[in-house]
Amino acid sequence: MKNVKILWLIIILLLAFSGFLINKFVSGKVAPYEDGRTSVVLNKDERNLILAEMRAFLVSVQGVSQAISENNMDKVAELAFKAGMAAEEGTPGSLMQKIPLAMKKMGFGTREQFDGIAQTARTTKDATVAREQLDTLMLTCIACHATYRLPEPIE
Ligand code: HEC
């Protein structure tokens, strides 16, 4: 009987711990901010990594847009693919824990939309469709910026 009780105790502890982990994964490391956005609290290196990815995003958007205007669909495919899920490989797991689930969804959503543009550029090569996809993709940039910020760490 004693063993059964210990077993239950272990099960309850494990459930509580996994609940804690799931909760952390969903909510991330966040704090409210006075302008209505949510602060995502990262350390200096993590913040620098994300901001560098952001500047690369802007470069990608400009490059893809220009390539569409030039109707150079090979270049559209190349640039959009580079900004797609392929770019996500190097992101450390610890960083993923601190980013709220809704923000992760928008981040990956942006990557997937770049893949979608690359797909259009390789298959139908329809510049109008690619332009519309880029327009829609940029709504995700706007939505995420309206919701989250990355405060400078006090270190
Ligand atoms: C998943 C959320 C998210 C998405 C999607 C996103 N951003 Fe950002 N971006 C942020 C956050 C958060 C910041 C920091 C804003 C702050 O602290 O005020 C930021 C900052 C930036 C910066 C400033 C970088 C710096 O060095 O300060 C640029 C440029 C930028 N984003 C471009 C883009 C572009 C272009 C896209 C779309 C292709 C995009 N972002 C999509 C969340 C996102």
Side-chain angles (χ1 to χ4, degrees), residues 16-155:
F17 185 62
S18 55
F20 168 75
L21 283 184
I22 290 170
N23 184 41
K24 259 191 89 171
F25 183 79
V26 171
S27 57
K29 204 164 177 233
V30 295
Y33 188 64
E34 60 197 31
D35 66 2
R37 288 181 300 165
T38 299
S39 294
V40 180
V41 185
L42 305 178
N43 68 34
K44 183 163 72 62
D45 291 344
E46 293 164 340
R47 178 174 181 269
N48 284 343
L49 185 99
I50 297 277
L51 290 178
E53 281 187 357
M54 288 299 151
R55 295 190 298 276
F57 259 162
L58 186 55
V59 172
S60 300
V61 167
Q62 193 281 333
V64 169
S65 177
Q66 188 172 337
I68 293 172
S69 298
E70 291 165 357
N71 206 16
N72 183 345
M73 297 313 266
D74 285 343
K75 198 168 170 196
V76 172
E78 185 200 324
L79 295 178
F81 176 78
K82 270 194 204 152
M85 283 307 282
E88 207 53 49
E89 268 171 15
T91 311
S94 58
L95 183 54
M96 283 295 151
Q97 269 181 29
K98 295 184 183 175
I99 295 178
L101 185 61
M103 184 174 164
K104 280 194 277 258
K105 276 190 185 159
M106 284 193 270
F108 289 135
T110 310
R111 297 272 186 222
E112 282 164 5
Q113 289 181 81
F114 272 117
D115 283 337
I117 295 173
Q119 176 85 358
T120 301
R122 277 195 301 260
T123 53
T124 62
K125 301 186 191 297
D126 187 329
T128 308
V129 172
R131 166 73 62 207
E132 283 164 6
Q133 285 175 302
L134 187 64
D135 291 344
T136 308
L137 177 152
M138 288 175 79
L139 295 178
T140 318
C141 318
I142 294 169
C144 196
H145 293 156
T147 315
Y148 298 105
R149 64 188 286 272
L150 301 175
E152 213 164 331
I154 328 145
E155 282 179 311

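Computed from a prediction, not measured in an experiment: that's the story for all the values here. As the structure lists them, so they are numbered: ligands from 1, and atoms in each ligand from 1.
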Met96 backbone acceptor or donor facing Lys104 side chain under 3.5 Å: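 Checking the backbone N and O of Met96 against the side chain of Lys104, a donor-acceptor pair under 3.5 Å is found.
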Met138 atom CE, neighbour heavy-atom count above 12 within 6.0 Å: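 It does not: Met138 CE has 12 such atoms or fewer within range.
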Counting neighbours of NZ on Lys125 that are heavy atoms of other residues, nucleotides or ligands and sit closer than 6.0 Å, is the number greater than 12?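 Atom NZ in Lys125 is crowded, with more than 12 foreign heavy atoms closer than 6.0 Å.
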Rounded at 0.5 Å granularity, tell me how far CG in Asp115 sits from CZ in Arg111.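 So the gap between those two atoms works out to 9.5 Å.
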Salt bridge between Lys29 and Glu46, side-chain N to carboxylate O under 4.0 Å?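 Salt bridge between Lys29 and Glu46, a charged N being under 4.0 Å from a carboxylate O: no.
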Please produce the table of protein N or O atoms sitting under 3.5 Å from N or O atoms belonging to ligand 1, one pair a line, distance to 0.1 Å.
{"residue": "ligand 1", "atom": "7 (N)", "partner": "His145", "partner atom": "NE2", "Å": "2.8"}
{"residue": "ligand 1", "atom": "9 (N)", "partner": "His145", "partner atom": "NE2", "Å": "2.8"}
{"residue": "ligand 1", "atom": "17 (O)", "partner": "Leu150", "partner atom": "N", "Å": "2.8"}
{"residue": "ligand 1", "atom": "18 (O)", "partner": "Arg37", "partner atom": "NH1", "Å": "3.1"}
{"residue": "ligand 1", "atom": "26 (O)", "partner": "Arg55", "partner atom": "NH1", "Å": "2.7"}
{"residue": "ligand 1", "atom": "31 (N)", "partner": "His145", "partner atom": "NE2", "Å": "2.9"}
{"residue": "ligand 1", "atom": "40 (N)", "partner": "His145", "partner atom": "NE2", "Å": "2.8"}

Acceptor/donor pairs from residues 139-149 side chains to any protein atom, 3.5 angstrom cut, sequence neighbours excluded:
{"residue": "Thr140", "atom": "OG1", "partner": "Gln113", "partner atom": "NE2", "Å": "2.9"}
{"residue": "Thr140", "atom": "OG1", "partner": "Leu137", "partner atom": "O", "Å": "3.3"}
{"residue": "His145", "atom": "ND1", "partner": "Cys141", "partner atom": "O", "Å": "3.2"}
{"residue": "Thr147", "atom": "OG1", "partner": "Ala143", "partner atom": "O", "Å": "2.7"}
{"residue": "Arg149", "atom": "NH1", "partner": "Ser39", "partner atom": "OG", "Å": "2.8"}

